[in-house]
Amino acid sequence: MIELLTALFLVSGAAFMVVAALGLVRMPDLPMRLHATTKAGVLGAGLMMVGVAVYFGDGGVTTRAVAVIGFLLLTAPVAAHAIGRAGYFVGVPLWEHTRADELKGRYDDKTHTLASPPEMNESSSDDEPRR
């Protein structure tokens with residue numbers, strides 16, 4: 001029974017990792033690729049760690065698996081945010097069918113600081129995709 005449960009976690013984790021890899025290859029721009037790889041990748045790796053913890057059933061291995069899952073949950077969103085922010089600053093183009101660029105006009109290109117616009121409710125003119 002332990003082997004079957006372990007196999008279930010490992011196979012489902014591997015399936016999510018495949019989805020993450022497909023998202024990296026198939027998504028049209030950087031933010032979508034980051035979204036696909038971060039969410040599915042962390043879930044896939046987490047399921048694999050659960051499978052390892054179930055298989056070994058040892059307190060030390062379970063503690064390490066929980067630590068790995070916690071590390072992934074803490075670092076993956078921060079890394080994706082940093083990569084996405086860097087991509088935006090250097091001008092990586094968004095997908096041509098992107099409807100809104102909510103950061104357009106809010107970043108100072110020289111200081112790289114985010115500023116709130118005075119007219120937060122008038123966002124209809126910002127619906128043009130960034131080029």
Side-chain angles (χ1 to χ4, degrees):
M1 184 66 184
I2 295 294
E3 288 86 9
L4 183 64
L5 194 59
T6 300
L8 178 70
F9 280 118
L10 290 178
V11 168
S12 60
F16 276 105
M17 296 297 269
V18 168
V19 168
L22 287 174
L24 181 64
V25 174
R26 297 290 299 165
M27 292 292 141
D29 65 355
L30 179 67
M32 289 186 199
R33 289 179 186 150
L34 285 173
H35 180 76
T37 56
T38 303
K39 304 282 186 206
V42 169
L43 183 58
L47 286 172
M48 288 181 168
M49 288 295 108
V50 171
V52 168
V54 167
Y55 180 75
F56 286 105
D58 182 44
V61 173
T62 301
T63 302
R64 290 183 191 118
V66 169
V68 167
I69 292 170
F71 181 76
L72 288 172
L73 288 174
L74 289 176
T75 58
V78 174
H81 176 78
I83 293 170
R85 182 179 170 137
Y88 192 83
F89 282 146
V90 298
V92 174
L94 296 177
W95 184 37
E96 62 190 23
H97 297 294
T98 299
R99 291 186 169 197
D101 180 6
E102 295 185 4
L103 298 178
K104 185 177 181 181
R106 295 185 183 181
Y107 271 111
D108 185 359
D109 290 336
K110 294 181 181 173
T111 62
H112 296 293
T113 56
L114 179 65
S116 296
E119 64 285 345
M120 287 294 290
N121 295 329
E122 297 177 20
S123 62
S124 62
S125 64
D126 291 339
D127 290 342
E128 298 291 325
R130 187 176 67 118
R131 299 281 172 194

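Side chains are part of it too, since the values below use all heavy atoms of this structure and drop only hydrogens, waters and symmetry mates.
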(message) On a heavy-atom basis, which atom in Leu94 and which in Pro31 lie closest, and how many Å separate them?
(response)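 The answer is CD2-CG, 3.9 Å.
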(message) Which heavy atom of Gly84 sits nearest to which heavy atom of Leu30, and what is that distance?
(response)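 Nearest heavy atoms, Gly84 then Leu30: CA-CD2, 4.4 Å.
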List the residues meeting side-chain contact (heavy atoms from CB on, under 4.5 Å) with [X], not counting sequence neighbours, and say none if there are none.
| X | value |
| --- | --- |
| Leu47 | Phe9, Ser12, Phe16, Leu43 |
| Phe56 | Val52, Val61 |
| Ala20 | Ala40 |
| Leu24 | Arg33, Thr37 |

(message) With rounding to the nearest 0.5 angstrom, report the NE2 to OG1 distance, His81 to Thr38.
(response)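 OG1 of Thr38 is found 12.0 Å from NE2 of His81.
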(request) Working to the nearest 0.5 Å, report the span between CG of Leu8 and CD of Glu3. (result)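 Nearest 0.5 Å value for the CG-CD distance: 13.5 Å.
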Can you get from [X] to [Y] by hopping between Ile, Leu, Val, Met, Phe, Trp and Tyr side chains that sit under 4.5 Å apart?
| X | Y | result |
| --- | --- | --- |
| Ile83 | Val90 | yes |
| Leu72 | Val54 | yes |
| Val50 | Val66 | no |
| Leu73 | Met49 | yes |
| Phe71 | Ile69 | no |

(message) Test your reading of the model: is there a side-chain donor-acceptor pair from Asp29 to the backbone of Trp95, 3.5 Å cut-off?
(response)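 Such a contact is found between Asp29 side chain and Trp95 backbone.
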(request) Check which hydrophobic residues are tied to Met17 through side-chain heavy-atom contacts below 4.5 Å, counting indirect links as well, and list them. (result)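 Its cluster partners, ordered by chain and number, are Leu10, Met48.
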(request) Tell me who clusters with Leu74, hydrophobic residues only, linked when side chains sit under 4.5 Å apart either directly or through other members. (result)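 None; Leu74 is a cluster of one.
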